[in-house]
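Reviewing the structure listed below.
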Amino acid sequence: MKKIQLPTDKAHRILAPRIAYIVTTVDKLGRVNAGSFSNLTSVSTDPERLVLAVYKAWDTIRNIRATREFVVNVPSKNLLREVWICGDKYAGNPIPPGIDELKIAGLTEISSKKVRPPRVAECPMHLECKVVWIKNVGDHYLILGDIVSASYTHGVFDQDFIQIISKTLPLMEISRDFFTSPGKVVTVGRKEVRKIVNQELEKMNIKVSKKLKIYKMLRWSEE
Ligand SMILES: Cc1cc2nc3c(=O)[nH]c(=O)nc-3n(C[C@H](O)[C@H](O)[C@H](O)COP(=O)(O)O)c2cc1C
């Protein structure tokens with residue numbers, strides 16, 4: 001397999017596709033702002049926490065530093081144009097600070113449960129966050145957020161809280177103005193994989209206790 005070097009300044013394009021989110025914030029005066037973000041991921045489940053990377057020039061980071069709150073809204077693929085409107089500066093259609101992108105995009109604000117920034121009604125899922133810390137990581141700030149409330153539109157999760165992708169239809173950014181959306185759900189043949197792992201371990205003469213409870217041994221601490 002021949003490997004080709006990607007220009008280093010394009011390295012982040014390997015980390016694609018990523019889900020596109022609409023992040024809402026408010027400024028000190030309570031004025032709503034919305035931006036589109038894909039550099040966002042879960043980093044802890046106990047407690048539930050996520051990180052978000054925001055370019056230093058954006059209104060979103062000014063608001064987050066001032067108010068320490070934000071809401072992550074998850075749009076479906078039918079909201080592609082609205083996501084592009086909320087990505088105004090990146091898309092080359094800058095909207096001045098203090099102007100609510102949601103209004104320009106024709107999206108509806110509904111109040112959040114635990115924080116001041118609103119949820120976006122048309123998005124099927126929402127995470128309300130409070131800032132734990134903000135770190136300078138380059139041309140972006142990295143924000144660690146505590147998820148203080150999570151909500152969704154009726155019908156997009158099954159009874160085991162598995163997301164029904166055919167209902168949420170997440171929109172994913174590839175690069176620039178190219179996007180995709182997951183088409184089908186696949187599942188792992190769990191028993192088959194266990195058999196392969198056990199066979200390989202046996203060949204190596206390694207015995208693994210079925211009672212190994214690694215999760216119980218884990219502890220988390222803040223540094
Ligand atoms: C799909 C998409 C994903 C984006 N992801 C990010 C991101 O992860 N971090 C970032 O700083 N900007 C990102 N942007 C750019 C911002 O959304 C854009 O510049 C926006 O105007 C910032 O809004 P604000 O100044 O109101 O905060 C993205 C844009 C789009 C369209």
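Atoms within each ligand, like the ligands themselves, are counted from 1 in listed order. Quick caveat: nothing in here was measured; it's all calculated off a predicted structure.
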*Residue and atom name of the nearest protein heavy atom (relative to atom 27 (O) of ligand 1), distance in Å to one decimal*: Thr60 OG1, 2.5 Å
*Report the C-alpha distance between Glu128 and Lys114 in whole Å, list the side-chain angles of each, state the deciding distance to 0.1 Å, and finish with yes or no for salt bridge (charged side-chain N to carboxylate O under 4.0 Å, His left out).*
CA-CA 7 Å; Glu128 299 174 30; Lys114 299 256 176 79; over 6 Å; no
*Begin from the C-alpha positions of Glu200 and Lys203 and carry the test salt bridge (charged side-chain N to carboxylate O under 4.0 Å, His left out) through to its verdict.*
CA-CA 5 Å; Glu200 292 303 314; Lys203 275 190 223 161; 2.9 Å; yes
_Summary of salt bridge (Lys or Arg N to Asp or Glu O under 4.0 Å) pairs that have at least one residue in residues 83-95, sequence neighbours excluded_ = Asp59-Lys89
*Report the nearest protein non-hydrogen atom to atom 12 (N) of ligand 1: residue, atom name, distance rounded to 0.1 Å.*
Trp58 NE1, 2.9 Å
*So do Leu171 and Thr180 actually touch side chain to side chain, heavy atoms under 4.5 Å?*
no
*Any salt bridge (Lys or Arg N to Asp or Glu O under 4.0 Å) involving residues 28-41? Give me the pairs, sequence neighbours left out, ordered by first then second residue.*
Asp27-Arg31
*Using a strict cut-off of 4.0 Å, indicate which atoms of ligand 1 neighbour a heavy atom of Tyr55.*
10 (C), 11 (O)
*State whether the side chain of Glu122 and the backbone N or O of Thr108 hold a donor-acceptor pair below 3.5 Å, judged by distance alone.*
yes
*Is Lys89 touching ligand 1 with its side chain, its backbone, both, or neither, if touching means heavy atoms under 4.0 Å apart?*
both
_Check: Ser44 side chain, Pro47 main-chain N or O, donor-acceptor pair, under 3.5 Å_ = yes
*Counting each atom of ligand 1 from 1 as listed, which ones have a heavy atom of Glu101 under 4.0 Å away?*
26 (O)
_Within ligand 1, which atoms have a heavy atom of Val54 less than 4.0 Å away?_
11 (O)
_Among all protein heavy atoms in this structure, tell me which lies nearest to atom 26 (O) of ligand 1, with the distance rounded to 0.1 Å._
Asn33 ND2, 2.9 Å
_Non-hydrogen atom of Pro94 closer than 4.0 Å to ligand 1_ = no
*Which residue and non-hydrogen atom of the protein lie closest to atom 15 (C) of ligand 1, and at what distance in Å?*
Tyr90 CB, 3.4 Å
*Backbone or side chain, does any N or O of Ser38 fall under 3.5 Å from an N or O of ligand 1?*
yes
_Contact check, Arg18 vs ligand 1, heavy-atom distance below 4.0 Å_ = no
_N/O donor-acceptor pair under 3.5 Å between Tyr141 side chain and Arg65 backbone_ = no
*Can you check whether Phe37 and Tyr21 have ring centres sitting under 6.0 Å from each other?*
no
*Considering Ala57, Ser36, Ser175, Ala53, which one's heavy-atom position lies nearest to atom 30 (C) of ligand 1?*
Ser36
*Is there a donor-acceptor pair closer than 3.5 Å between any side-chain N or O of Thr168 and the backbone N or O of Val156?*
no
*Run the numbers for me: atoms of ligand 1, each under 4.0 Å from some heavy atom of Ala34, listed by number.*
26 (O)
*Which atoms of ligand 1 sit under 4.0 Å from any heavy atom of Asp88?*
20 (C), 21 (O), 23 (O)
_Nearest neighbour in protein (non-hydrogen) for atom 3 (C) of ligand 1_ = Glu173 OE1, 3.4 Å
*Can you sort out which atoms of ligand 1 are near Cys86, meaning under 4.0 Å from one of its heavy atoms?*
17 (O), 20 (C), 21 (O)
*Is the closest side-chain heavy-atom distance between Val32 and Pro118 below 4.5 Å?*
yes
*Of the listed options (Phe37, Phe179, Trp84), which comes nearest to atom 7 (C) of ligand 1 when hydrogens are ignored and any heavy atom counts?*
Phe37
*Report, in ascending order of atom number, the atoms of ligand 1 lying under 4.0 Å from any heavy atom of Asn39.*
7 (C), 8 (O), 9 (N)
